Each structure stands twice: as C-alpha cells, then as structure tokens.
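Here's the structure, in structure tokens; my notes come after.
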Amino acid sequence: MAVRLGDVAPDFEADTTEGKIKFHEWLGDSWGILFSHPKDFTPVCTTELGAVAKLKPEFQKRNVKVAGLSVDSVEDHNKWAGDIEETQGAALNFPLISDKERTISALYDMIHPNADNTLTVRSVFVIGPDKKVKLSLTYPASTGRNFDEILRVVDSLQLTANYSVATPANWKDGQDVIVVPSLSDADAEKKFPKGFTKVKPYLRTTPQPNK
Ligand code: BEZ
C-alpha cells in the first residue's frame, strides 16, 4: 500500500550503521528525510550518499534528520562507507538502514517490481515534526537525485508550516512567495507587514517573510 501525502509515516524498528533505531523515537521533534537507494557498492548510489553527507550542515540548519535505506546488510553498509569516504571526500554521517527482510521497503512501497523485483528504487519521503509525510518522490536506479532540490523543498515546506505561504514554480530561497488562497486580504495585511501584491484575486505575492 502506497504511503501518500498527509499519511502518518509508518513507524518501524531497524538495524542501522548507527545501531538499532525506532524510527519515530529517533525522529523526535525534528523533520525527517527517509530515502532508499538500490544497492551498496554501485556507482550512482556512491555519489548520492557522498552528496548527502556533504549536505549534513544544511540539514542540521533546518532541523532535519536524514536516514538512508537499502536491502543490504549493515556489514555491507559499513564496508561500503570506506569507499564513499575515499571516492566522494565525505564520510557517512547519518544512519544507513539495513532492510534485509524488506519489511520497511514494503511499508513504504519502495520496491517497484516492474522496475526491479528485489531492489529498492530511489524513493524520498520528507516527514514533518507531526510525523506526517509532506513530500514523496521516486527516481529510477539510473538517475541520481538532486539533493539541493530536496533542500529547496524542505525550505518551501517549512515556510508553509511557519508563515502560511506557498512557493511558485522554480522558486529559490530569497525570492517572493505566494500568499495561500485560504487567507483573506485583511488577514494577509496583518500577517505580512511588508505588504503583498495582488496580481489576481487568487495570485498574491509577498517578500519571503523570514528574510
Ligand atoms: C547505481 O547506483 O549506479 C545503480 C544501482 C542499481 C542499479 C543500477 C545502477
């Protein structure tokens, strides 16, 4: 059964490179990113895990905990970590889950049998502090993900959570944002002291509130 936006992210216990975790307990009050990769000791995955390790300060700044997952063993994850550090110039600095029994993959629908019967695809779930799924995406094994885009999504989600704004197409941090349609003009005036521009009654923009 697919995990959909707004669902509570399924809880689980798992063996990881940082010991056993209970997922919800481990998340605590943080935001979370759970992402799967197909297989240890493969080229695209090696570059992805190095990229995520390098972005750790950016995740920390946003109060986001990150965990990776594949169906390989913790022993393999730990052996592979040496290659990641050697080739990508960044040591693994977040837990990599071992899902040998494929129970977590099944919970999150990370195995797509028509793509590959046994390996996880490149799934990403962004989870809010309320443990609800805020974003999911799926990439094929042959395409490495753009983790800067995932950070951009986290920025957008956190703006929505904190300021009642949405972000337009191709929005980048620092650019104008959109006043959510559920807010009346009168409430928008109170909420956004920098003012807002009414392009159409349903399209109102305002400077990014936390800048
Ligand atoms: C890779 O990470 O390069 C990869 C993994 C599984 C299948 C194909 C490519």
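One-based numbering, in listed order, for ligands and for the atoms of each. Everything quoted here is computed from the prediction, not taken from an experiment.
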Is there a continuous path of hydrophobic side-chain contacts, each under 4.5 Å between heavy atoms, that joins Phe59 to Leu34?
no
Going through the checks in order, is the side chain to side chain donor-acceptor pair (under 3.5 Å) test met by His77 and Asp40?
CA-CA 7 Å; His77 286 341; Asp40 293 1; 2.6 Å; yes
Give a yes or no on whether the backbone of His37 and the side-chain of Thr120 come within a donor-acceptor separation of less than 3.5 Å.
yes
If two hydrophobic side chains count as joined below 4.5 Å and joins carry through other members, does Val126 share a cluster with Leu159?
no
Looking at Gln208, is its backbone amide N or carbonyl O close enough to the side chain of Lys194 to form a donor-acceptor pair, meaning the two atoms are under 3.5 Å apart?
yes
Using a 3.5 Å cut-off on N/O to N/O, what pairs does ligand 1 make with the protein? A line per pair would be great.
from     : atom 1 : to     : atom 2 : distance (Å)
ligand 1 : 2 (O)  : Thr42  : OG1    : 2.9
ligand 1 : 2 (O)  : Val44  : N      : 3.1
ligand 1 : 2 (O)  : Cys45  : N      : 2.8
ligand 1 : 2 (O)  : Arg122 : NH2    : 3.0
ligand 1 : 3 (O)  : Pro43  : N      : 3.4
ligand 1 : 3 (O)  : Val44  : N      : 2.8

Looking at residues at least two apart in the chain, or sitting in another chain, which of them share a ring-ring contact (aromatic ring centres under 6.0 Å, His included) with Phe192?
none
